[in-house]
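Report on the structure given below.
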Amino acid sequence: MTQILTLDIGGSKTQITLWQCTCAAPILQKTAAFPTDYASEQKLITRLHQFLTDTCDLEATAVAFAGAERADGTLRLTNNPCTLDVSRLRQALPSGSRLTVLNDLAALAHAINWLPGTALKNLNPQAEHSQTRTVKLAAACGTGFGAAALLPGGQAIPTEAGHCRFAPANAAQAALCASIGSNITNETLLSGAGLSRIYTALSPDSPPLPPDAINALATEGDALALQTVRLFSGCMGSALGNLALVTLCSGGVYLAGGVCQKLAPLLDEAAIIDSFVIPGPFAAALAKIPIYLITDPAAVSLGAAIYADRMLLG
């Protein structure tokens, strides 16, 4: 039985998953998640060995990483001081297992065409769902914000969209940016820390709150927390609309990440669409683009497994 191991290493959480390789989509066998609270590969390797105690026939490993691979062969997280040595990770794997590394948003993009309908929540009721081969956009909001384009041929192109300047779509978003300060990027607002910044900007006299606390208050009907989520939703729509135009995306926007998945029942779909549809010659086309919230927490790992299967075993 051929097996693929994936490591989804994010700024806050690491997920190790073992997959069985099949002719169709990989089948999840077991998974483990824990905080990304390690500074180097040593602690990760220890957890990896504990996870792989009864594993045989491991042919490939894919590391989906929320950062960049550097020229010296190390991986550095963007929103975490963790740095990993790729060669030491390779040595820690069972003999014969091949290793590949890819950006975590590229991995998410590779999962798009393999996700079942039950793992997708449509946020745009006016969307036209086309089966034509067009560009699709993967985006994620968690510790940071990222995006990648999936081309019709299957190639995934990662970006640094989180560090692009945020473009306000309306007066409320412009006022929000002005209250926070200068050089507002997409990630400044569209992240866990960004949700907290929006809450504080709306009520400077209120004590700062972490994202989970804001989510809990909004679930209970707190007016300020609900206003925060509504403004966050609009900012998300603005960023995604610009990215959809830049990538010529018409095949759909696929949104993931811990922050959005936790906020799923509270996201303001009308606010997202209102900011997503940019006035101008492409407004009608933007209004028809599907926007899906990915509810599967293992989507990045699935995409990494698919990539490893194709690049290392195919």
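Position 1 is the first residue of the sequence; numbering continues from there. This one's a predicted model, so the numbers in the text were calculated from it and none came from an experiment.
- I306 and L28 fall within the same hydrophobic cluster, where Ile, Leu, Val, Met, Phe, Trp and Tyr residues are linked whenever their side-chain heavy atoms come under 4.5 Å apart, directly or through other members.
- A pairwise comparison of heavy atoms in A239 and L190 identifies CB-CD1, 3.5 Å as the closest pair.
- Side-chain atoms of T143 and N80, non-hydrogen and from C-beta on, never get closer than 4.5 Å to each other.
- Grouping the Ile, Leu, Val, Met, Phe, Trp and Tyr side chains by contacts below 4.5 angstrom, directly or via other members, places L189 with L263.
- Judged purely by distance below 3.5 Å, without hydrogens or angles, the side chains of T74 and T83 never pair a donor atom with an acceptor atom.
- Rounded to the nearest 0.5 angstrom, L202 CG and Q227 CD are separated by 4.5 Å.
- Scanning both residues, L108 and A140, for their nearest heavy atoms gives CD2-CB, 4.3 Å.
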Given side chain to side chain donor-acceptor pair (under 3.5 Å), test E59 with S97 step by step and report yes or no.
CA-CA 4 Å; E59 291 201 13; S97 175; over 6 Å; no

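- Under a hydrophobic clustering in which Ile, Leu, Val, Met, Phe, Trp and Tyr are joined whenever their side-chain heavy atoms come within less than 4.5 Å, directly or via other members, L240 and I157 fall into different clusters.
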Give the C-alpha distance, both sets of side-chain angles, the deciding distance and a yes or no for side-chain contact (heavy atoms from CB on, under 4.5 Å) between L5 and L93.
CA-CA 10 Å; L5 180 73; L93 294 170; 4.0 Å; yes

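- Cluster membership for L123 and V259, using ILVMFWY side-chain heavy atoms within less than 4.5 angstrom, is shared.
- Between the side chain of S301 and the backbone N or O of T17, no donor-acceptor pair lies under 3.5 Å.
- With 3.5 Å as the limit, one finds no donor-acceptor pair spanning the side chains of T295 and Q261.
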Go through the steps to decide whether T31 and I16 satisfy the test side-chain contact (heavy atoms from CB on, under 4.5 Å), and finish with yes or no.
CA-CA 6 Å; T31 188; I16 304 178; 5.9 Å; no

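- Considering CZ of R88 and CG of L44, their distance stands at 13.0 Å, rounded to 0.5 Å.
- For the atom pair E160 CD and T78 OG1, the distance stands at 6.0 Å (nearest 0.5 Å).
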Take L231 and L176 through the side-chain contact (heavy atoms from CB on, under 4.5 Å) test and state the conclusion after the steps.
CA-CA 9 Å; L231 188 51; L176 170 67; 3.8 Å; yes

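- At distances below 3.5 Å, at least one donor-acceptor pair connects side-chain atoms of T188 with backbone N or O atoms of T185.
- The hydrophobic clustering, which links ILVMFWY residues whose side-chain heavy atoms are closer than 4.5 Å, places L120 and V253 apart.
- With a 4.5 Å cut-off on side-chain heavy atoms, K121 and E269 count as touching.
- Checking side-chain atoms of R98 against main-chain N and O of L312 turns up a donor-acceptor pair under 3.5 Å.
- In this structure, the side chains of F65 and D8 stay at 4.5 Å or more apart for every pair of heavy atoms.
- Other residues, nucleotides and ligands contribute only 12 or fewer heavy atoms inside 6.0 Å of the NZ atom of K262.
- Residues Y307 and T100 are in side-chain contact: their nearest non-hydrogen atoms beyond the backbone lie under 4.5 Å apart.
- When all heavy atoms of S191 and R197 are compared, the closest pair comes out as OG-NH1, 4.3 Å.
- The shortest distance between side-chain heavy atoms of P26 and I4 does not fall below 4.5 Å.
- The line from CG of L99 to OG of S87 is 10.0 Å long, rounded to the nearest 0.5 Å.
- Between C235 atom SG and I198 atom CD1 the span is 5.0 Å, to the nearest 0.5 Å.
- Contact annotation: the side chain of L224 approaches that of Y199 to within less than 4.5 Å [non-hydrogen atoms, C-beta and beyond].
- No donor-acceptor pair under 3.5 Å is formed between the side chain of E187 and the backbone N or O of H163.
- The distance from atom OG of S238 to atom CG of N170, rounded to the nearest 0.5 Å, is 8.0 Å.
- In this structure, a donor-acceptor pair under 3.5 Å is absent between the side chains of Q3 and Q20.
- When the shell of 6.0 Å around CZ of R76 is examined, it contains more than 12 heavy atoms from other residues, nucleotides or ligands.
- Applying side chain to side chain contact (heavy atoms under 4.5 Å, CB included) to L209 and the options N215, T228, I214 leaves one that passes, I214.
- Using a cutoff of 4.0 Å between basic side-chain nitrogens and carboxylate oxygens, D37 and K43 are scored as salt-bridged.
- Closest of all the heavy-atom pairs between A147 and L105 is N-CG, 3.5 Å.
- Taking the side chain as every heavy atom from C-beta outward, R165 and N183 approach each other to under 4.5 Å.
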Stepwise side-chain contact (heavy atoms from CB on, under 4.5 Å) test for T6 and W19
CA-CA 8 Å; T6 60; W19 303 84; 3.1 Å; yes

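- The minimum heavy-atom distance linking A109 with L150 is given by the pair O-CD2, 3.4 Å.
- S12 and T36 share no donor-acceptor pair across their side chains, judged by distance under 3.5 Å alone.
- Proximity of L18 to F51: side-chain heavy atoms (C-beta onward) are separated by under 4.5 Å at one or more points.
- Of all non-hydrogen atoms in T247 and L243, the two that sit nearest each other are OG1-O, 2.8 Å.
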I'd like a table of donor-acceptor pairs (distance under 3.5 Å, sequence neighbours excluded) in which one partner is a side-chain atom from residues 274-294, with atom names and distances.
from, atom 1, to, atom 2, distance (Å)
S275, OG, Q173, NE2, 3.0
S275, OG, G234, O, 3.2
Y292, OH, H129, ND1, 2.6

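- Members clustered with I27: none, using a 4.5 Å side-chain heavy-atom cutoff among hydrophobic residues.
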